[in-house]
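Quick notes on the structure that follows.
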Amino acid sequence: MSAPQDTEGLRLTDEEKARRARRNKAIGFGVAGLCLLFYVITVFKMGPAILSRPM
Amino acid sequence: MSDLGADIRRETLISNADPLDFLSLLKPRVMSLVVFTALVGMVLAPGAIHPVIGLIAVFAIAVGAGASGALNMWYDADIDAVMGRTAKRPIPSGRVQPGEALSFGMILSVLSVMVLGLATNWVAGGLLAFTIFFYVVIYTMGLKRRTAQNIVIGGAAGALPPVVGWAAVTGGVAIEPMILFSIIFLWTPPHFWALAIVRKEDYARAGVPMLPNVASDRNTRLQILLYSLLLIPFGVAPFFMGFGGWLYGATALVGGVMMVWWSIGILRADDEGKLKKACWSLFGGSILYLFAVFAALLLEWAGGLAWALLRGSLA
């Protein structure tokens with residue numbers, strides 16, 4: 001049995017890898033920003049009432 | 001010898017986009033104008049909105065406008081590629097795949113409408129959705145390649161942000177934001193036709209029936225003048241209706257007269273050089289006009305606020 005050839009398929013160049021990493025970071029920041037945005041909207045929409053919810 | 005199949009696979013399978021390419025899909029310069037006009041609609045509206053919620057609303061409107069820009073670039077990639085002004089955009093230059101731009105635009109459209117609706121109200125959210133729909137489906141897909149009235153009717157999409165901003169505060173629409181809508185709506189044709197005269201060959205190559213390409217020179221120039229003339233009464237209307245003060249009134253009147261002056265320059269240009277110069281004057285001047293009238297409204301509002309705070313602290 002031979003090991004899979006490492007020339008198979010498409011191999012990313014260093015530049016392509018760097019761009020992919022930058023895109024991934026941008027998506028990560030985007031998702032985190034969206035979470036923060038919804039948190040801020042919730043807090044400012046509800047105001048102090050956020051603390052007085054019947055359990 | 002290069003393997004053509006591998007080259008094609010590489011081009012279609014591997015995204016070569018940088019996050020900044022996605023940012024330029026949002027047409028940041030158009031976005032800045034949208035932010036500005038939406039903000040003015042918001043501050044003029046009666047009633048209060050929490051400043052943080054207001055900022056989020058402006059952000060959502062800006063992202064919605066950007067999303068429609070991305071969808072426009074997705075649909076128009078073929079004509080962007082043959083026009084000098086747009087050939088370097090991310091899709092025609094091959095940096096972003098059309099499918100990526102489509103998903104990006106769709107996701108941002110949905111998110112921006114959702115955020116605006118949840119943060120403010122669903123009238124504003126609905127109006128933002130309508131703006132995106134109007135720009136992408138009615139203007140880009142429907143009108144742009146079919147009629148010379150493309151930017152006249154399509155201008156409604158660019159004119160809606162102050163109405164969306166107003167609705168974000170009040171939950172409804174009134175005559176005041178509709179006047180602001182009319183100002184941007186009537187401003188659009190002279191602004192774009194001045195550019196279209198200069199870029200006539202570009203539009204002809206792309207097969208976009210801009211007015212200068214399908215109507216006579218004289219007809220185009222007369223229509224530019226006509227819209228500029230109409231802009232004067234609508235421009236000064238906020239002053240007479242009481243929601244624009246003296247600073248605004250003077251700015252809108254002087255600006256309106258300048259728009260007509262530049263349009264007459266186009267009408268009277270008797271050679272190619274003079275015509276181009278006159279067109280650039282109107283194109284650049286019209287951007288200045290729109291900025292000045294909305295800035296005047298914003299300044300008056302800020303002045304009024306500062307005065308009220310000062311009086312309050314002195315009392």
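In the text below, chain A, chain B and the rest are named by the order of the sequence lines, each starting its count at 1.
Within a 6.0 Å radius of CE in B:M83, other residues, nucleotides and ligands contribute more than 12 heavy atoms. The environment of CZ in A:F38 is crowded: more than 12 heavy-atom neighbours from other residues, nucleotides or ligands sit within 6.0 Å. Residue B:F36 places its CZ atom among more than 12 non-hydrogen atoms of other residues, nucleotides or ligands, all under 6.0 Å distant.
B:P19 approaches A:R22 most closely through the heavy-atom pair CG-O, 3.4 Å. Taking both residues in full, the closest heavy atoms of B:N16 and A:R19 are given as O-NH1, 2.9 Å, listed atom of the first, atom of the second, then distance.
Residues A:K45 and B:I56 have side chains not in contact (no heavy-atom distance under 4.5 Å, counting atoms from C-beta outward).
Both the backbone and the side chain of B:L118 come within less than 4.5 Å of a heavy atom in chain A. At a 4.5 Å heavy-atom cutoff, the contact between A:L34 and chain B is made by side-chain atoms alone.
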